[in-house]
Protein chains: 2
Amino acid sequence: MNNKPAVEIYSDGACSGNPGPGGWAAVILINGKRTELSGGEQQTTNNRMEILAALNALRALKQPSQVTFYTDSSYLLNGATAWLPEWKQRNWKRKKGKLANIDLWQELDRALSEHEVKWVWVRGHAGNALNEYVDQLARAAIPHY
Amino acid sequence: MNNKPAVEIYSDGACSGNPGPGGWAAVILINGKRTELSGGEQQTTNNRMEILAALNALRALKQPSQVTFYTDSSYLLNGATAWLPEWKQRNWKRKKGKLANIDLWQELDRALSEHEVKWVWVRGHAGNALNEYVDQLARAAIPHY
RNA sequence: CGACACCAUUUUAU
DNA sequence: ATAAAATGGTGTCG
């Protein structure tokens with residue numbers, strides 16, 4: 001048994017130009033209740049927005065939860081599951097070159113440690129309704145002017 | 001001052017099916033005089049037709065000229081201005097995958113070197129009279145059945 | 001080399 | 001208004 005509430009999260013990032021203006025969004029489902037969040041930045045990258053989407057979604061949780069996290073980004077998924085532990089062991093270094101987006105990865109690492117997260121990869125633009133929905137939300141959150 | 005004649009060229013390609021039967025066309029303006037050319041192929045792609053339109057237009061010039069070249073194809077424009085120099089430096093390789101339409105790009109490169117070309121991008125179907133006209137010419141040049 | 005994502009333009013189809 | 005092909009780019013990792 002588990003006393004932590006079960007949560008589903010769908011998140012996505014978008015970036016017009018890459019690098020360029022970007023947006024992120026997440027849908028959080030807690031036993032029937034649905035919450036949406038989104039935001040944007042003037043100058044960023046697609047991958048930063050993917051991490052930020054996940055980070056903000058996890059931060060929105062009020063208590064330690066059992067999360068099923070859906071993303072189409074293998075960068076986010078592999079980073080959070082496979083690469084993060086290795087980077088930490090190596091003092092936040094990657095094998096070759098400079099580790100990008102350390103700031104966000106470190107904050108995500110902390111956020112992840114407060115929950116029990118099971119990651120699920122979904123192929124982008126392949127018919128998953130909520131994945132397509134957060135994709136739209138993220139695009140809509142790109143700053144215009 | 002410049003002794004080369006000033007020339008304006010509008011070109012466009014069209015393709016019925018992509019890949020499929022395609023057509024290309026160009027309008028050349030030399031101080032009031034107007035020349036039109038067009039042609040088609042049974043099996044080609046939209047982008048091959050865009051390059052071919054430019055190539056045939058430049059080849060129609062009788063002497064080294066100062067050309068203002070109008071196109072609605074960012075593929076053609078980026079290729080001719082930004083990508084071509086990099087491809088040449090890398091021995092006609094692109095960064096990832098196989099470089100498409102090398103044959104035409106190499107011929108276009110040679111043709112471009114004989115003139116002084118200033119590229120102008122025009123948004124397709126946005127009211128530019130000559131752009132819309134070459135568009136029609138190109139469609140009309142598509143071989144039927 | 002591979003993978004996923006993000007994007008730009010054109011060309012089409014319904 | 002939908003969706004897909006033809007082409008190119010960067011962002012990131014192993």
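Lettering of chains follows the sequences in order, A, B, ..., and the numbering in each one begins at 1.
- Among the protein residues, Leu99(A) comes within range of the sugar-phosphate backbone only, with heavy atoms under 4.0 Å from sugar or phosphate atoms but none that close to a base.
- Judged by a 6.0 Å distance limit and a 45° cone about the ring axis, Arg34(B) is positioned over the six-membered ring of Tyr133(B).
- Heavy-atom contacts from other residues, nucleotides or ligands closer than 6.0 Å to CD of Gln136(B) number 12 or fewer.
- At the phosphate of dG8(D), neither OP1 nor OP2 sits under 4.0 Å from any side-chain N or O atom of Ser74(B).
- With dC13(D), dT7(D), A5(C) as the choices, the nucleotide that has an atom nearest any side-chain atom of Asn47(B) turns out to be dT7(D).
- Remark: Thr45(B) is in phosphate contact with dT7(D), judged by side-chain N or O atoms under 4.0 Å from OP1 or OP2.
- Among the heavy atoms of the strands, none lies under 4.0 Å from Gly20(B).
- Scanning for ring pair (Phe, Tyr, Trp, His ring centres under 6.0 Å) contacts around Trp119(B) gives Phe69(B), with sequence neighbours left out.
- No contact: Asn131(A) has no heavy atom under 4.0 Å from any strand.
- Counting non-hydrogen atoms under 4.0 angstrom, Trp105(B) reaches nothing in the nucleic acid.
- Between the CZ atom in Arg59(A) and the CG atom in Leu108(A) there is a gap of 9.0 Å [rounded to 0.5 Å].
- Atom CD in Glu116(A) sits 4.0 Å away from atom NZ in Lys4(A) (nearest 0.5 Å).
- At distances below 3.5 Å, not a single donor-acceptor pair connects side-chain atoms of Ser73(B) with backbone N or O atoms of Thr71(B).
- For His125(A) and C6(C), the shortest distance from a side-chain N or O to OP1 or OP2 is below 4.0 Å.
- When the P atom of dG14(D) is taken as reference, atom NZ of Lys93(A) falls 13 Å away, rounded to whole Å.
- The interatomic distance linking Arg48(B) (CZ) with U10(C) (P) rounds to 21 Å, in whole Å.
- Distance CG (Leu84(A)) to C1' (dT12(D)): 14 Å, rounded to an integer number of Å.
- Not a single donor-acceptor contact under 3.5 angstrom links the side-chain atoms of Asn18(A) to the base of C7(C).
- Rounded to whole Å, the distance from CG on Asn101(B) to C1' on U11(C) is 14 Å.
- For the pair Glu41(A) CD and C6(C) C1', the computed distance is 15 Å after rounding to whole Å.
- One finds a side-chain N or O of Trp87(A) lying less than 4.0 angstrom from the OP1 or OP2 phosphate oxygen of dG14(D).
- Taking atom CG of residue Leu108(B) and atom P of nucleotide dT7(D), one finds them 15 Å apart after rounding to whole Å.
- Proximity of Arg139(B) to the phosphate of U12(C): a side-chain N or O atom is located under 4.0 Å from OP1 or OP2.
- The interatomic distance linking Met49(B) (CE) with U9(C) (P) rounds to 23 Å, in whole Å.
- Residues Glu132(A) and Arg90(A) both approach DNA chain D. Their nearest nucleotides, taken by heavy-atom distance, put Glu132(A) toward the 5′ side.
- Between the side chain of Asn46(B) and the base of U11(C), no donor-acceptor pair of N or O atoms lies under 3.5 Å.
- Position along RNA chain C of the nearest nucleotide to Tyr75(A) versus Val122(B) favours Tyr75(A) as the more 5'-ward residue.
- No contact: Ala82(B) has no heavy atom under 4.0 Å from any strand.
- At whole-Å resolution of the value, CH2 in Trp83(A) and P in dT12(D) are 11 Å apart.
- Contact annotation for Asn78(A): no contact, since no heavy-atom pair falls under 4.0 Å across all strands.
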